> 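Structure incoming, see below.
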Amino acid sequence: MRIAFLGTPEFAVPSLKMLIAEGHELAVFTQPDRPKDRGHALAMPAVKLTALEAGIPVYQFEKIRLPEGVEALTAFMPDLTVTAAFGQLLSEENLSIPKFGTVNVHGSLLPKYRGASPIQTAIIEGEEETGVTTMLTNIGMDTGDILLAAKTPIGENETYGELYTRLAELGAELLKETIAKIEAGTLEPIPQDEALATRCRPIKKQDAQIDFSLPSKRIHDLVRGLNPAPTAFARLGEANIKIHETRLVSNQQVLFERFGEAVLGECVIASPKQGLVVRTGDGFIEITELQFPGGKRLPAKAAMNGKKLAGSVFEGL
RNA sequence: CGCGGGGUGGAGCAGCCGGUAGCUCGUCGGGCUCAUAAUCCGAAGGUUGGAGGUUCGAGUCCUCCCCCCGCAA
């Protein structure tokens with residue numbers, strides 16, 4: 001069928017590729033190219049690159065709900081609109097165009113984690129399970145009726161980046177199934193239970209700073225939930241030190257005997273051989289990969305060769 | 001031509017106002033040990049990112065280039 005695909009980053013790519021492989025007639029709408037990183041180069045969204053490779057027409061509007069966008073979408077005359085991490089709000093007008101409606105692929109088990117950062121937030125909140133949901137888009141923020149959902153466990157050391165990739169793939173499969181059922185007319189949309197709904201907000205820089213007075217598990221969840229970006233960090237004097245990876249330690253007992261008196265945030269062990277261990281609110285945590293200003297990310301044991309952190313204390317918030 | 005930090009033996013770093021390079025780890029050899037991630041002794045390994053310039057002499061100053069990183073977006 002004719003499908004308008006609205007999506008932007010990597011998360012949407014597997015879904016788009018699936019639609020291409022299924023032979024649908026496609027038009028892609030994505031965010032405008034943006035200046036990226038240092039220098040001034042404009043970068044194309046991942047979805048645009050994929051579309052161009054496949055020879056699919058690409059439209060880029062600052063806001064698709066403005067007349068220009070509505071016009072272009074209308075002109076394509078889609079049977080269905082699919083959105084996946086598009087990054088723009090749709091208008092009532094946009095939604096009224098396709099006869100089968102608008103289906104969104106969302107990276108959480110709705111009604112939990114509606115909003116902008118469902119994958120990161122699920123990890124940061126210490127969830128052991130998450131998934132993807134397809135839903136009928138309405139005007140609210142991920143509030144439409146649920147079509148299908150697929151669950152998946154979150155590994156104890158799984159990072160945002162890893163889960164992101166898995167959910168993107170899982171989302172593509174679920175979208176395929178969803179479209180098949182739409183075509184067959186066998187879907188029964190289920191309204192979301194508002195009582196169970198939670199909302200996640202975009203990650204702000206402040207959210208990425210580690211508070212070592214928290215329990216080790218909370219810190220670990222924050223670090224992996226922000227890996228590879230935007231990356232958790234800790235303040236040490238004037239420097240912001242990025243913390244890329246941590247591990248929960250099992251020998252808490254021994255550490256307490258040796259370093260029970262340590263201040264929260266103190267580096268109790270910091271050596272090339274034993275790595276970096278920091279005192280937390282309820283015990284200790286091992287930092288296994290970090291990054292100093294101006295440097296690249298390093299395994300902690302390598303970083304300890306040149307930096308003497310033993311006894312240093314990461315500042316509180 | 002958005003702002004800023006950095007490129008020094010395999011890795012991470014030091015080297016203040018210029019005088020032929022040092023530390024930690026690793027590597028190799030050996031000792032100790034039942035053994036070892038532990039520890040001791042010794043050794044190898046660098047044209048200091050590249051090209052010019054200033055100087056009696058540059059890792060250290062100036063110019064240009066390449067690469068890496070952070071912020072901002």
Side-chain angles (χ1 to χ4, degrees), chain A residues 7-12 30-49 58 60-64 85-89 115-117 120 159-161 164 201-211 222-259 266-278 284-315 317:
Chain A
T8 304
E10 288 294 336
F11 182 79
T30 189
Q31 298 266 25
D33 297 356
R34 307 278 190 203
K36 195 92 173 141
D37 295 320
R38 43 195 110 83
H40 34 249
L42 286 181
M44 294 189 280
V47 160
K48 180 179 177 182
L49 288 169
V58 175
Q60 294 173 283
F61 299 104
E62 206 59 57
K63 294 182 177 178
I64 198 170
F86 181 42
Q88 290 184 27
L89 298 174
S117 55
Q120 299 96 311
T159 63
Y160 163 51
Y164 183 95
R201 309 207 152 272
I203 309 288
K204 295 197 296 277
K205 180 175 181 180
Q206 182 57 33
D207 302 325
Q209 182 165 173
I210 295 173
D211 176 359
L222 179 71
V223 169
R224 64 200 180 96
L226 298 178
N227 171 316
T231 310
F233 69 93
R235 275 195 81 69
L236 189 63
E238 290 299 287
N240 277 168
I241 299 183
K242 292 197 162 204
I243 308 297
H244 291 284
E245 185 185 86
T246 54
R247 280 291 121 97
L248 297 174
V249 295
S250 52
N251 58 334
Q252 298 275 342
Q253 200 72 352
V254 183
L255 289 167
F256 265 116
E257 284 168 24
R258 290 180 59 194
F259 307 109
E266 182 175 337
C267 300
V268 298
I269 293 177
S271 78
K273 301 204 173 170
Q274 295 175 284
L276 179 58
V277 176
V278 179
F284 302 86
I285 191 168
E286 180 178 6
I287 293 174
T288 50
E289 189 177 62
L290 41 38
Q291 181 172 24
F292 290 94
K296 43 183 99 173
R297 48 192 301 175
L298 293 170
K301 290 180 182 178
M304 291 307 103
N305 281 323
K307 304 279 185 182
K308 44 283 171 190
L309 290 185
S312 299
V313 178
F314 289 110
E315 294 167 24
L317 298 185

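Here is the naming used below: chain letters follow the sequence lines, and residue numbers restart at 1 for every chain. Every value quoted in this text rests on a predicted model; they were computed, and no experiment measured them.
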> Would you measure the distance from the C1' atom in rA58(B) across to the matching atom in rU8(B) and give it in whole Å?
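rA58(B) and rU8(B) have their C1' atoms separated by 14 Å.
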
> Please check this pair: side chain of S117(A) against backbone of R201(A), looking for a donor-acceptor N/O pair closer than 3.5 Å.
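Side chain of S117(A) to backbone of R201(A): a pair is present.
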
> Quick one about Q31(A) and T8(A) (side-chain donor to acceptor, distance below 3.5 Å, no hydrogens or angles considered), yes or no?
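Side-chain D/A pair, T8(A) to Q31(A): absent.
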
> Work out how far the P atom of rG19(B) is from that of rC62(B), and round it to whole angstrom.
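One P to the other, the span is 16 Å.
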
> Determine the interatomic distance between C1' on rC71(B) and the same-named atom on rC61(B); round to the nearest Å.
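About 29 Å, rounded to a whole number of Å.
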
> For rC64(B) versus rG57(B), give the span between their P atoms, rounded off to a whole number of Å.
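Approximately 23 Å lies between the P atom of rC64(B) and that of rG57(B).
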
> Once rounded to the nearest 0.5 Å, what's the spacing between atom CD1 of I243(A) and atom CD of Q209(A)?
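The CD atom of Q209(A) is 11.0 Å from CD1 of I243(A), to the nearest 0.5 Å.
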
> Using whole Å, what does the distance between atom C1' of nucleotide rA11(B) and atom NZ of K307(A) come to?
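Distance, rounded to whole Å: 14 Å.
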
> In chain order, what residues pass the ring pair (Phe, Tyr, Trp, His ring centres under 6.0 Å) check against F11(A), with sequence neighbours excluded?
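Scan of F11(A) (ring pair (Phe, Tyr, Trp, His ring centres under 6.0 Å), adjacent residues dropped) gives Y164(A).
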
> Detail all sub-3.5 Å separations between protein N/O atoms and N/O atoms belonging to nucleotides 65-73 of chain B.
{"unit_1": "rC69(B)", "atom_1": "O3'", "unit_2": "Q291(A)", "atom_2": "NE2", "d": "3.1"}
{"unit_1": "rC69(B)", "atom_1": "O2'", "unit_2": "G295(A)", "atom_2": "O", "d": "3.0"}
{"unit_1": "rC69(B)", "atom_1": "N4", "unit_2": "R38(A)", "atom_2": "NE", "d": "3.2"}
{"unit_1": "rG70(B)", "atom_1": "N7", "unit_2": "R38(A)", "atom_2": "NE", "d": "3.3"}
{"unit_1": "rG70(B)", "atom_1": "N7", "unit_2": "R38(A)", "atom_2": "NH2", "d": "3.3"}
{"unit_1": "rG70(B)", "atom_1": "O6", "unit_2": "R38(A)", "atom_2": "NE", "d": "3.1"}
{"unit_1": "rC71(B)", "atom_1": "OP1", "unit_2": "K242(A)", "atom_2": "NZ", "d": "3.4"}
{"unit_1": "rA72(B)", "atom_1": "N1", "unit_2": "D37(A)", "atom_2": "O", "d": "3.0"}
{"unit_1": "rA73(B)", "atom_1": "N3", "unit_2": "P35(A)", "atom_2": "O", "d": "3.2"}

> Could you work out the separation of rU48(B) and rG22(B) based on their P atoms and round it to a whole Å?
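The same atom, P, in both gives a distance of 14 Å.
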
> Using the C1' atom as the point on both nucleotides, what is the distance between rA72(B) and rG12(B), in whole Å?
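rG12(B) and rA72(B) have their C1' atoms separated by 29 Å.
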
> Please determine, for rG12(B), whether a Watson-Crick or G-U wobble partner exists with both distances under 3.5 Å, and give it or none.
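rC23(B) is the nucleotide pairing with rG12(B).
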
> Say you pick atom P in rG2(B) and the same atom in rA44(B); how far apart are they, in whole Å?
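It works out to 49 Å between them.
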
> Tell me which nucleotide, if any, is Watson-Crick or G-U wobble paired with rC3(B) when both distances must be under 3.5 Å.
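rG70(B) - that is the nucleotide pairing with rC3(B), both distances being under 3.5 Å.
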
> Do P45(A) and D33(A) touch side chain to side chain, with heavy atoms closer than 4.5 Å?
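Yes - at least one pair of side-chain heavy atoms lies under 4.5 Å apart.
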
> Which base, if any, makes a Watson-Crick or G-U wobble pair with rG42(B), both distances under 3.5 Å?
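With both distances under 3.5 Å, rG42(B) matches rC28(B).
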
> Can you check nucleotides 23-28 of chain B for protein contacts, nitrogen or oxygen pairs under 3.5 Å, and list what you find?
{"unit_1": "rC25(B)", "atom_1": "O4'", "unit_2": "N305(A)", "atom_2": "OD1", "d": "2.8"}

> For nucleotides rA73(B) and rC17(B), find the distance between their P atoms and express it as a whole number of Å.
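Their P atoms lie roughly 35 Å apart.
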
> Could you tell me which residues satisfy side-chain contact (heavy atoms from CB on, under 4.5 Å) with P293(A), sequence neighbours excluded, listed by chain and number?
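P293(A): side-chain contact (heavy atoms from CB on, under 4.5 Å) contacts with A239(A).
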
> Atom CD1 of I241(A) to atom C1' of rC13(B): distance rounded to whole Å?
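So the two atoms are 14 Å apart, to the nearest Å.
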
> Are the side chains of C267(A) and L276(A) in touch, meaning some heavy atoms are under 4.5 Å apart?
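Side chain of C267(A) against side chain of L276(A), heavy atoms only: contact under 4.5 Å found.
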
> Paired with rU47(B) by Watson-Crick or G-U wobble geometry, both distances under 3.5 Å: which nucleotide is it?
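Looking at the geometry, rU47(B) pairs with no nucleotide.
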
> Among all residues two or more places apart in sequence or in another chain, which pass the side-chain contact (heavy atoms from CB on, under 4.5 Å) test with Q274(A)?
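For Q274(A) the side-chain contact (heavy atoms from CB on, under 4.5 Å) partners, ignoring immediate neighbours, are I269(A), S271(A).
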
> Please list all pairs passing the side chain to side chain donor-acceptor pair (under 3.5 Å) test where one or both residues lie in residues 290-304 of chain A, with sequence neighbours left out.
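Listed by first then second residue: H244(A)-Q291(A), E289(A)-R297(A).
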
